[in-house]
Protein chains: 2
Amino acid sequence: MAVTIREVASAAGVSVSTVSRAFTAPDQVQPTTRQRILDAAAELGYSPNPAARSLRGGGTGTLGLIVPDIANPFFPPIIKAMQARARHLGYTVLVADSDEREADEMAAIAAVSKRVDGLILWASTLTEDRLHELAGRMPLVVVNRHVPGIPEVRISLAAGIAQAAEQLKAYGHRRCVFINASRAELSRGKSIQESFEALDLSLSELGPYEPRFETGVHAATLVAAHEATAVIAHNDVVALGVLHQMANLGVSVPRDVSVIGIDDTLLASVSTPSLTTIRIDPEEIATRAGDLLIETIANTTGRTGPGLDAASPIVEIGSRLIPRASTGPAPAH
Amino acid sequence: MAVTIREVASAAGVSVSTVSRAFTAPDQVQPTTRQRILDAAAELGYSPNPAARSLRGGGTGTLGLIVPDIANPFFPPIIKAMQARARHLGYTVLVADSDEREADEMAAIAAVSKRVDGLILWASTLTEDRLHELAGRMPLVVVNRHVPGIPEVRISLAAGIAQAAEQLKAYGHRRCVFINASRAELSRGKSIQESFEALDLSLSELGPYEPRFETGVHAATLVAAHEATAVIAHNDVVALGVLHQMANLGVSVPRDVSVIGIDDTLLASVSTPSLTTIRIDPEEIATRAGDLLIETIANTTGRTGPGLDAASPIVEIGSRLIPRASTGPAPAH
DNA sequence: TTGAAAGCGCTAACAT
DNA sequence: ATGTTAGCGCTTTCAA
């Protein structure tokens, strides 16, 4: 068995409560005593048992993060950043994925909910009702999902899209295609349409499709029919499908067609040509979401009734264009 | 507060121990009683508190997995597969990364060790001594690291390499280059050298480098000097660097040079041209590693002295070539 | 400033 | 087959 608080207590010649305080409320114990305890603890290799702590009611010290798909290259950097941030704040992060299916998401939530102090649900597939019910039982933050009354982190593509439109305009493009592959409630289409119209760029929307490589391959064959010289894809994976098929068709990128992705995953920087894309900073979103959850946990603790708060917070994360080699001047025609 | 075993007990009109047994030893309670308990539990939305369970000594129901880098595209599918497997077996998986640095790995281990029943250490940076010490304190499985006395999962590239050599030979290649970017103790070089020699293929080794995209870019410029017509890269990322630079140099892949990666990450299937690579099945390795750890946990529980076992198990995971578009006949010359 | 003791939810003797 | 109860390690009143 591991070393317990009692052994530290007897080694330091104090009671267990003093040892406990030495860790959780250091200023309540005499400096000399505290030092003696800390030394004894170090000597014995003591560290508090988290199970006992959380049983006692102190919370689990763990944040839960449910993402649609761990294997989607967009998420690993976010997970990594959130782990780092959380550790810094004394938390651990427990990650699970929902596979974009409600049943799996419920299972994932059930599996982690008793082990965490709160939950970050990314693009949740759950109904509003269920989310509200869940939020009533534990601190909750949703990302990329708007549910009134639940704290939210929202990714805004507006800035990145506007920059993309500007770049394409400056390069002389006139007709563009957007490959849409969003679930309805997450659609990326609307804001894009507006940004492009504002600059007098025509934008045809294809889809909605599944956000897969093959979607890009398929959509690429449709670009010519629209007489478009630029393509914005739903994400980097789809954009790579476009690049792939353009190469097959003997269409040069960016000479004949410019291609823009979204997410700035690893894929974008290692493709050939490297992919111009709209970056969403993983560290920022991870940090903001983690902090928001911790804040929500803090507000929930020691509150009796259900949230009579003012409006629940909404944090917005920006985006920006990362110009790389897949965009360039429109063909002379 | 959440619903406890006591509330279920009174709702079902039985004692807490009967409720406990209804969950942990169903056959020890009368079917009718059990059903009544299960109904009451469902009604109340009861689920056992894992903190209480583990405090009681029942283990945490969690497996720890420390990988070098969550953001390395090789790992997410493995993490995902291990989660799935573990959930199936009633476990949760807690993942952390070591960033390839001993200090970070120690911190990660410290952060999770009290929350898990055992640990899978992937390509651990720790010294053998530390690993032995750790193994003395908790069930341990190492992956891609050989430490006598510690259960181990080992990835064997032999089969995949042999198939690669055969393919290149059949395509008429004679001179090849291997871009090595391994830490010494993990080196992929030796077995490759042997496989190629066995088929009378000349293999020059470049490096060791860091396993990054830029390494591939750099190494690509060196291939011509070796008069090689085929390149095997340390992993897919490095291979993409090669593809990228070959395109820059106006060298056609696979017409002029064939390129082979290792890992079969997402990158390989979405590159242009798609990348021939050596696949290590993420599900297999995740399953085997998870199962081995659970087995090790089971053997440790209820054993008194330190392991006087027979030799600790070593599980070997195979590999195979996935032919795609980046390999083809050697140029006629 | 420090100590004694109750109790968090659960399981496993032990008793019936 | 079911009930009673001690105790896992810790924090936190309450007392001194």
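Within every chain, numbering begins at 1; the chains are lettered A, B, ... in the order of the sequence lines, protein sequences first and strands thereafter.
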Counterpart residues, ring-ring contact (aromatic ring centres under 6.0 Å, His included), relative to Phe23(B) (two or more places apart):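 ring-ring contact (aromatic ring centres under 6.0 Å, His included) check on Phe23(B) returns Tyr46(B).
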Does Tyr91(A) have any ring-ring contact (aromatic ring centres under 6.0 Å, His included) partners at least two apart in sequence or in another chain, and if so, which?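 Here no residue qualifies.
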Is the side chain of Asn72(A) donor-acceptor paired with the backbone N or O of Phe74(A) at a distance under 3.5 Å, no angle test?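 Present.
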One character per nucleotide, please: for nucleotides 11-16 of chain C, 5' to 3', B when the base has a protein heavy atom closer than 4.0 Å, S when only the sugar-phosphate does, - otherwise. BBB---
To the nearest Å, give me how far apart [atom1] ([X]) and [atom2] ([N]) are.
X	N	atom1	atom2	result
Ile37(A)	dC10(D)	CD1	C1'	15 Å
Asn49(B)	dC8(C)	CG	P	12 Å
Arg6(A)	dC10(D)	CZ	P	8 Å
Gln28(B)	dT2(D)	CD	P	11 Å
Arg34(A)	dT1(C)	CZ	P	10 Å
Leu55(B)	dC10(C)	CG	C1'	8 Å
Asp27(B)	dT2(D)	CG	P	12 Å

Hey, is Glu102(B) close enough to Arg130(B) for a salt bridge, meaning N to O under 4.0 Å?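 Salt bridge: yes.
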Set of side chain to side chain contact (heavy atoms under 4.5 Å, CB included) partners for [X], sequence neighbours left out:
X	result
Glu105(A)	Ile66(A), Ser98(A), Ile109(A), Leu121(A), Ser124(A), Thr125(A), Leu126(A)
Ala84(B)	none
Thr24(B)	Ser20(B), Arg53(B)
Pro31(B)	Arg34(B)

Net bend of the helix from dT1(C)-dA16(D) to dT16(C)-dA1(D), end axes of five pairs each, nearest 10 degrees: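 The value is 40°.
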Mind jotting down which residue pairs meet the ring pair (Phe, Tyr, Trp, His ring centres under 6.0 Å) criterion with at least one end in residues 49-69 of chain A? Sequence neighbours excluded, please.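 Non-adjacent pairs meeting ring pair (Phe, Tyr, Trp, His ring centres under 6.0 Å): zero.
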So, does Thr33(B) get its side chain near the phosphate of dT2(D), meaning an N or O under 4.0 Å from OP1 or OP2?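 For dT2(D), OP1/OP2 do have a side-chain N/O of Thr33(B) under 4.0 Å.
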Can you see if the side chain of Thr4(B) gets near the phosphate of dG9(C) - specifically, an N or O under 4.0 Å from OP1 or OP2?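 No, outside the criterion.
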